[in-house]
Colleague: 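Let me give you the structure first, and then I'll get to my questions.
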Amino acid sequence: MEQTSETATSGTGLDAYALGGRERTRLAARAAVAARRMAGEGIVGVALTWVDVSGITRTKTVPVERLEHAAAWGVGMSPVFDVFLLDDSIVSGRHVGGPVGDLRLHPVLERLAPMAALPGWAHAPALRYAQDGTPHPLDARALLRRETDRLAALGWSVKAAFEIEWAVSKGGADGFVPACRGPAYGMTRVTELAGYLRDVLAALKETGVTVVQLHPEYAAGQYEVSVEPEDPLGAADTAVIVRETIRAVTMEHGMAASFSPKVEAGSVGNGGHVHLSLWREDTSDGPKNAMAGGSGPYGMTAAGEAFAAGILGRLPALLAVGAPAVASYLRLVPSHWAGAFACWGLENREAALRFITGAEGERETAANLEVKCVDSAANPYLLLAALLAAGRNGLGMDLRLPEPVDVDPAGLSEQERAARGIAPLPSSLAESVAAFEADAVLRDALGEAVVDTVATVRRGEIALLDGATPEEIAAATRWRH
Ligand code: GLU
Ligand code: MG
């Protein structure tokens, strides 16, 4: 289980997760055992990572001998990183900014693991606390934990997985030079980079990631990996580990990996689709997937439908978190399988929400909702926290879904779309931010400091790239996430 204090189960606010004295002692003891074991296995350093508002994974590392102290007392890091932009310039919000202050990064020991792609290194996602042991209100992992606890208090759990797309470039070039020439989904592309892809699979497996599929994607040099669903915290941790592992193996092979929403202007982008299923926990015969076995559309239960409808209705606001870069809106265009319209459909790759039932016979485990309009510039913790909050609101309001859409909405006339209630999603970051700031449900779930800081960082990046051409935006974003 998570490292929480005795009172953490109430799930009412972040203070419930404060680190007390006894907890520090317990964490130190546990870290000491893990550090001794890892040192024996050749681990020298441990990277403590967290993801900032701009979606960049930041880190402090400690020698393995120092893990025990870090677990109990944390490692210092400035709160100013919450207002870093993707080019490392710094803005200032109402709640964060400026050079003063200290937060403590505490490794999450349950997720501490050697990183096969970085020999001698282990990794642990970090939680950020104030010096008095209270969680930092902008700590995205803590916010996600609170959201999963809020759902748990209602008898629900969620399984989630991020699909990671990336494009591989020949090394040494500033620009993007596809590392393979084979066609989309072509076996040629596996053959061309077989050794590399084998090493990606092997490193992920050795790091403890359960891969379910790896394939060549549509755009030049693009691949995708999908992983087994997990609890939301685990899924977000895995999204971080998968990207760092792919990045390291790619570099080891003399190439470079881009996870940017738009690697090249004018091409198909990298998505970071999120798969979600909602599970009823308090049944006599074990957890039950609310996305199957019901009498709603395509077998959803009423709760599954309400959860999906809660997300669908808030997609414009959710994009401020899920499609957080200026470059995200170069990707989020119609007829690019990015889901640029606010609608849902069964297996519809042009709907922002694609419903997946799975094959007959495995629906009870396989049925899930895929959020397609989001990308890997998103902070995976914050995105899941926001999606869960939107779904929880849908559950509370017992919302119903509109009619499903079974065509590419771009192929309908504007009048036909209007008649079917299909709206385009925001076409710019500024539009998403405005929707996010106006969204009372997300504000209530995430807190004022998060909403203000997200909006501040987004406006900073909009200003940073103001007037830039699509090519310049792609170039500024290509190697950052
Ligand atoms: N690359 C597409 C995107 O930008 C997704 C392709 C797919 O459906 O997997 O989201
Ligand atoms: Mg894909």
Colleague: For a side chain to side chain contact (heavy atoms under 4.5 Å, CB included) check, start with the C-alpha distance between Met291 and Phe307, then their side-chain angles and the critical distance, and finish with the verdict.
Modeller: CA-CA 9 Å; Met291 297 300 172; Phe307 187 82; 4.0 Å; yes
Colleague: Measure the shortest side-chain to side-chain distance between Thr59 and Leu105 over non-hydrogen atoms and say whether it is less than 4.5 angstrom.
Modeller: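 Side-chain contact under 4.5 Å: no.
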Colleague: If you look at every heavy atom in Val83 and Thr453, which pair is closest and at what distance?
Modeller: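 Heavy-atom minimum between the residues: CG1-CG2, 3.9 Å.
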Colleague: Would you verify whether the NZ or CZ of Arg354 falls within 45 degrees of the ring axis of Trp344 while also being under 6.0 Å from that six-membered ring's centre?
Modeller: no
Colleague: Is a donor from one side chain sitting under 3.5 angstrom from an acceptor on the other, for Asp82 and His95?
Modeller: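 No, His95 and Asp82 have no side-chain donor paired with an acceptor closer than 3.5 Å.
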Colleague: Which pair of heavy atoms, one from Ala435 and one from Pro316, lies closest together, and at what distance?
Modeller: CB-C, 3.8 Å
Colleague: Give the intermediate values and the outcome of side chain to side chain contact (heavy atoms under 4.5 Å, CB included) for residues Leu138 and Val450.
Modeller: CA-CA 6 Å; Leu138 281 147; Val450 173; 3.9 Å; yes
Colleague: Does one side chain, of Arg111 or Thr238, offer a donor that lies under 3.5 Å from an acceptor on the other?
Modeller: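 Yes.
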Colleague: So Phe81 and Leu103, side chain to side chain contact (heavy atoms under 4.5 Å, CB included) or not? Walk me through it.
Modeller: CA-CA 10 Å; Phe81 287 95; Leu103 293 171; over 6 Å; no
Colleague: As an exercise, state the distance from CZ of Arg128 to CG of Asp102, rounded to the nearest 0.5 Å.
Modeller: 11.5 Å
Colleague: Can you confirm whether more than 12 heavy atoms, excluding those of Arg417, are under 6.0 Å from its CZ atom?
Modeller: yes
Colleague: Ignoring hydrogens, what is the shortest heavy-atom contact between Pro409 and Val405? Give both atom names and the distance.
Modeller: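 The answer is CG-CG1, 4.3 Å.
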Colleague: Before accepting this row, confirm whether a basic side-chain N of the pair Glu437/Arg459 lies closer than 4.0 Å to the acidic partner's carboxylate O.
Modeller: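 Between Arg459 and Glu437 there is a salt bridge, with a charged N closer than 4.0 Å to a carboxylate O.
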Colleague: Evaluate the criterion salt bridge (Lys or Arg N to Asp or Glu O under 4.0 Å) for residue pair Glu147 and Arg150; output intermediate values, then yes/no.
Modeller: CA-CA 5 Å; Glu147 274 312 319; Arg150 284 171 171 164; 2.7 Å; yes
Colleague: Give the intermediate values and the outcome of side chain to side chain contact (heavy atoms under 4.5 Å, CB included) for residues Glu350 and Phe341.
Modeller: CA-CA 7 Å; Glu350 285 299 342; Phe341 288 94; 5.7 Å; no
Colleague: Charged N to carboxylate O under 4.0 angstrom, Asp375 versus Lys262?
Modeller: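 A salt bridge is absent here (no side-chain N lies under 4.0 Å from a carboxylate O).
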Colleague: Assess whether salt bridge (Lys or Arg N to Asp or Glu O under 4.0 Å) is satisfied between Asp88 and Arg58, documenting all intermediate values.
Modeller: CA-CA 11 Å; Asp88 293 342; Arg58 310 267 178 193; 2.9 Å; yes
Colleague: Would you name the heavy atoms of Ala70 and His106 that are closest together and state the gap between them?
Modeller: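 Reported closest heavy-atom pair: O-ND1, 3.6 Å.
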Colleague: Please check if atom CG in Asp132 has more than 12 non-hydrogen atoms from other residues, nucleotides or ligands closer than 6.0 Å.
Modeller: yes
Colleague: Does Thr456 form a side chain to side chain donor-acceptor pair (under 3.5 Å) with Arg94? I'd like the steps, not just the answer.
Modeller: CA-CA 9 Å; Thr456 300; Arg94 279 197 288 133; over 6 Å; no
Colleague: Please find the pair of heavy atoms, one from Leu429 and one from Pro324, that lie closest to each other, and give the distance.
Modeller: CD2-O, 3.4 Å
Colleague: Hey, could you give me the OG/CG distance between Ser428 and Leu332, rounded to the nearest 0.5 Å?
Modeller: 10.5 Å
Colleague: Take Ser89 and Asp87 through the side chain to side chain donor-acceptor pair (under 3.5 Å) test and state the conclusion after the steps.
Modeller: CA-CA 6 Å; Ser89 60; Asp87 70 338; 2.6 Å; yes
Colleague: Without swapping roles, check the side chain of Trp479 against the backbone of Asp174 for a donor-acceptor pair under 3.5 Å.
Modeller: yes
Colleague: Are His275 and Asn368 close enough that a side-chain donor and a side-chain acceptor fall under 3.5 Å?
Modeller: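 There is such a pair between these side chains.
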Colleague: Going by an N to O cut-off under 4.0 Å, is there a salt bridge joining Arg26 and Glu23?
Modeller: yes
Colleague: Any salt bridge between Arg145 and Glu110, counting N to O under 4.0 Å?
Modeller: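 Salt bridge: no.
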Colleague: For residues Val441 and Ala389, report the shortest heavy-atom separation together with the two atoms involved.
Modeller: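 Closest heavy-atom pair between Val441 and Ala389: CG1-O, 4.4 Å.
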Colleague: Is it the case that Ser54 and Asp52 place a side-chain donor and acceptor less than 3.5 Å from each other?
Modeller: no
Colleague: What's the separation between atom CH2 in Trp156 and atom CG in Leu278, rounded to the nearest 0.5 Å?
Modeller: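 Interatomic distance, Trp156 CH2 to Leu278 CG, rounded to 0.5 Å: 5.0 Å.
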Colleague: Salt-bridge test for Asp139 and Arg146: reply yes if a basic N is under 4.0 Å from a carboxylate O, no otherwise.
Modeller: no
Colleague: Just by modelled atom types, is the Gly269 backbone N or O under 3.5 Å from a matching donor or acceptor in the Glu217 side chain?
Modeller: no
